[in-house]
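What follows is a short report on a single structure.
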Amino acid sequence: MTKIEILGTDCAKCKSLLKNVEKAVQELGMDAEVVKVNSIQEIMNRGIMMIPGLAIDGEIVLVGRSPSVEELKKMFKKR
């Protein structure tokens, strides 16, 4: 199972990223666990200085923006 983490607060970009990730996972039929990380300390410990951040299986793959569902699907297919 793939673990996908959304690192961010409840800002508009963070909410958009969460929504788009959930939709991309659903459309691909992925076996994935989507987790929201709200702790500012945890986000900073991961080296994220601009939210939102996206981690796949512990690896930070995106920082500071909310890509489209299609872009996320391409990213997930490469893994």
Side-chain angles (χ1 to χ4, degrees):
M1 177 186 295
T2 303
K3 183 175 183 179
I4 301 171
E5 296 171 285
I6 312 301
L7 299 114
T9 59
D10 284 329
C11 71
K13 281 185 189 177
C14 298
K15 289 177 181 177
S16 173
L17 179 58
L18 177 61
K19 185 179 101 180
N20 288 350
V21 164
E22 288 174 338
K23 187 167 184 172
V25 165
Q26 179 186 25
E27 288 182 11
L28 290 173
M30 286 177 67
D31 183 21
E33 174 188 15
V34 179
V35 178
K36 181 86 165 59
V37 178
N38 291 315
S39 165
I40 297 297
Q41 190 61 49
E42 176 65 22
I43 292 166
M44 289 175 59
N45 288 347
R46 300 271 198 101
I48 304 287
M49 295 298 159
M50 199 166 143
I51 57 174
L54 178 68
I56 302 174
D57 291 330
E59 179 186 347
I60 303 297
V61 296
L62 185 120
V63 175
R65 65 186 190 90
S66 178
S68 69
V69 172
E70 291 304 314
E71 187 177 345
L72 287 165
K73 285 167 59 173
K74 288 177 187 173
M75 189 182 300
F76 296 157
K77 285 180 184 176
K78 289 181 182 177
R79 300 208 147 254

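What's counted below: heavy atoms across the whole structure, side chains too, no hydrogens, waters or symmetry copies. Because the structure is a prediction, the values reported are computed rather than measured.
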Is there a side-chain contact between [X] and [Y] (heavy atoms, below 4.5 Å)?
X: Glu71; Y: Arg65; value: yes
X: Ile60; Y: Leu54; value: no
X: Glu27; Y: Glu70; value: yes
X: Pro67; Y: Leu17; value: yes
X: Phe76; Y: Thr2; value: no

For residues [X] and [Y], report the shortest heavy-atom separation together with the two atoms involved.
X: Gly53; Y: Ile48; answer: CA-CD1, 4.2 Å
X: Gly8; Y: Cys14; answer: CA-SG, 3.6 Å
X: Lys36; Y: Leu18; answer: CD-CD2, 4.2 Å
X: Ser68; Y: Asn20; answer: CA-ND2, 4.1 Å
X: Val63; Y: Met50; answer: CG1-O, 3.0 Å
X: Met1; Y: Ala32; answer: CG-CA, 3.9 Å

Could you measure the distance from the [atom1] atom of [X] to the [atom2] atom of [Y]? Nearest 0.5 Å is fine.
X: Glu33; Y: Glu5; atom1: CD; atom2: CD; result: 8.5 Å
X: Glu22; Y: Ile4; atom1: CD; atom2: CD1; result: 10.0 Å
X: Lys73; Y: Gln26; atom1: NZ; atom2: CD; result: 10.5 Å

Is [X] linked to [Y] within one hydrophobic cluster, defined over Ile, Leu, Val, Met, Phe, Trp and Tyr using a side-chain heavy-atom separation of less than 4.5 Å?
X: Ile43; Y: Val61; answer: no
X: Val25; Y: Val69; answer: no
X: Ile56; Y: Ile51; answer: no
X: Leu62; Y: Met44; answer: no

Item checked: side-chain contact (heavy atoms from CB on, under 4.5 Å), paired with Leu7, selected from Val37, Ile40, Asn38 -> Val37

